Structure formats: C-alpha cells, structure tokens
2 protein chains.
Amino acid sequence: MGLAKTEMFTDQQNEISLFAKVFGHPARVAILQHLFKINSCFCGDLVNEIGLAQPTISQHLKELKHLGLIKGNVEGTSVCYCIHQENWTAMKTVMIEFLNQDLTENQDCC
Amino acid sequence: MGLAKTEMFTDQQNEISLFAKVFGHPARVAILQHLFKINSCFCGDLVNEIGLAQPTISQHLKELKHLGLIKGNVEGTSVCYCIHQENWTAMKTVMIEFLNQDLTENQDCC
DNA sequence: AATTTTAATCGTAATATTGCAATGTATTAA
DNA sequence: TTAATACATTGCAATATTACGATTAAAATT
C-alpha cells in the first residue's frame, strides 16, 4: 500500500516514527544543524548553504515547522527561522528514551 | 525527483538520516521495542505481535538487519532475532550527539 | 505605481516506501 | 519420501516523498 497503519500502533510508537521520519532526510538534518550553529537565519541563507532549490528548502522548512521543531519569523520580505527550543527538548526526551532502552539481563540469541 | 542527493551532504548527515529513516515507521519501532522487551524472539512471534502480514514483517526485519541494528539466528525452521548490541550502542552515540546539539548563548529570532 | 526581493504555493515528474498474495526454500516431522 | 512449518523473496498495486520550474503573494525600494 505505502500507507502506515497508524491505528495498529501505540501513540508513542507513532510519535517516535513521526519525529524520526523528519530526520530521515539529510537536507533536514543539515537545516537543523545550521540553525543550531548560526542560531537563526533567513530562508535564503539556507538555500545558499544547502544547495537545493528554494522551493525544495521551503518545503523541508514547512515539514520541520509543522512538527514544531522550528519557528519562523517574518522580517520584511525575509523569514527568519530558528529552533523551537521547548519543542526540541520535548522531542529529545521522547527519542532519547527510545534510544536508551536497555536489554533485560538475559543473553541474546546469537 | 524523490531522490535524496546524498553527495551534497556530509557523511555524518547522511548517516543520521539513514538511522532516522529506519525508525521512521511505527512497525519497525514496535519490532525493536519488542526485541528489547522480550530480548529475542522468532519472526513468527513478531507477526502475531505486530499484526502485519508475514512478508511485510520480513521486509521490515530485513531493513533493520541491513542497517546492522538486529541480527538473526536460524534455529531449525525458525529464525530468532535480537538486538545487535554493539551496533545499537554505536548508532545511539551518533543520534544522541545530534539530538544534544546546543544553541549558542545568543537569543533566538522569534 | 512600478520594480525588486524574498519566500510560499502549485503542479508535476521521478523515485521510494509500504503491504501483501503468491511463490520459493530450507528444515523438521510423519 | 511426503507433508508441514517457518521464513525469505518476488511481483505488483497503492501511496508517499522529493525536487524543481512556474507562479503567486507580500513587503521594501525606487
């Protein structure tokens, strides 16, 4: 189908996969790293930095914004983007809890 | 296009996005959580646990195995899967470093 | 007002992902 | 040897994602 059957998974599993999916493209990883480094920047700066066309960057920014990980501020004809710190921290908590799962004390099978 | 231009990103950015992509589907998150909880289990158990068809589970397992996050052990007609602990830890290091990026001391734009 | 600048949106082509029925393969059981 | 079991693989349909040219929208500049 190509359609994830979200209703058969827990809210937590769906949330983790939604966060992970947005990190599943190197352009979005690069955008986020640049925003962390530069702290805030205009959309046009990202177009120059990343090297994809402006509509493509705009589309990636839209996805990051839709998940709440960044916010955009209109300044004249430009839009200044930055990390949404509270939401980033909340996401981090969910993801790190998933990554930090520990095996039980039993041995593995292999 | 639908094609990520991996050559325009750093190895680190590509690696992060590859790991993230495999977590970008709730079925694979559920498989991993079950393996962590149960420690090791047969493919058939996962089919019952998750509720997707056997070929679908098999395909998700293949992707997890291809990235090295799980390993499979043939036992008779069954295959026992478990977390690949060393590789999981290595992945965790990369992902947590990404998630733990800190903003510079400057204020954000918004 | 006309032009320029910046970015969002639309439309569309190319490609990737997901899911599963059907089938293949290897091992065990009868 | 035949049948049963467990899983992988193949093939394909449905859907999602990615990229970008063309266009639109809004504000700033001339």
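Each chain gets a letter, A, B and so on, in the order its sequence line appears, and its residues count up from 1. Because the structure is a prediction, the values reported are computed rather than measured.
- For the pair B:Phe42 and A:Gly76, both in contact range of DNA chain D, the more 5′-proximal nearest nucleotide belongs to B:Phe42.
- The separation between A:Gln54 atom CD and D:dC20 atom C1' is 10 Å, rounded to whole Å.
- Summarising the geometry, the separation between CG on A:Asn14 and P on C:dT18 is reported as 13 Å, rounded to the nearest angstrom.
- Out of D:dT18, C:dA7, C:dC20, the shortest distance to the side chain of A:His25 is found at D:dT18.
- Rounded to an integer number of Å, the gap from B:Lys62 NZ to D:dT9 C1' is 7 Å.
- Straight-line distance from the CG atom of A:Leu46 to the P atom of C:dA7: 9 Å, rounded to whole Å.
- Side-chain atoms of B:Trp88 never come within 3.5 Å of backbone atoms of A:Asn100 as a donor-acceptor pair (strictly under, hydrogens ignored).
- Rounded to a whole Å, the CZ atom of B:Phe23 is 19 Å from the C1' atom of C:dT18.
- Among D:dA8, D:dG21, D:dT17, the nucleotide with an atom closest to any side-chain atom of A:Lys21 is D:dT17.
- Shown here for B:Ile50 and B:Ala27, the closest heavy-atom pair between the two residues is CD1-O, 4.3 Å.
- Distance B:Ile57 CD1 to C:dT18 P: 12 Å, rounded to the nearest Å.
- Under the ring-ring contact (aromatic ring centres under 6.0 Å, His included) rule, B:Phe23 has a single partner from A:Phe19, A:Phe98, A:Phe23, which is A:Phe98.
- Side-chain to base pairing of B:Gln59 with D:dA8: no donor and acceptor N or O lie closer than 3.5 Å to each other.
- Taking side-chain N and O atoms only, B:Thr56 has a distance below 4.0 Å to OP1 or OP2 of C:dC20.
- Contact annotation: B:Tyr81 side-chain N/O to D:dA6 OP1/OP2 distance is not under 4.0 Å.
- Between B:Ile50 atom CD1 and C:dC20 atom C1' there is a gap of 16 Å when expressed in whole angstrom units.
- Regarding contacts with the backbone of D:dA19, a side-chain N or O of A:His60 is found under 4.0 angstrom from either OP1 or OP2.
- Cluster membership for A:Phe42 and A:Ile83, using ILVMFWY side-chain heavy atoms within less than 4.5 angstrom, is not shared.
- Put simply, CZ on B:Phe9 is 11 Å from P on D:dT18, counting in whole angstrom units.
- Remark on DNA chain C: of its neighbouring residues B:Val74 and A:Thr77, the 5'-side contact belongs to A:Thr77, judged by nearest-heavy-atom nucleotide.
- Cluster annotation: B:Leu61 is not connected to B:Leu18 through the hydrophobic network of ILVMFWY side chains, with a link wherever side-chain heavy atoms come within less than 4.5 Å.
- Of the listed nucleotides (C:dT27, C:dT9, C:dT6), C:dT9 has the atom at the smallest distance from the side chain of A:Ser58.
- Of the candidates C:dT9, D:dC7, C:dA8, C:dT9 carries the atom nearest the A:Pro55 side chain, counting heavy atoms from C-beta on.
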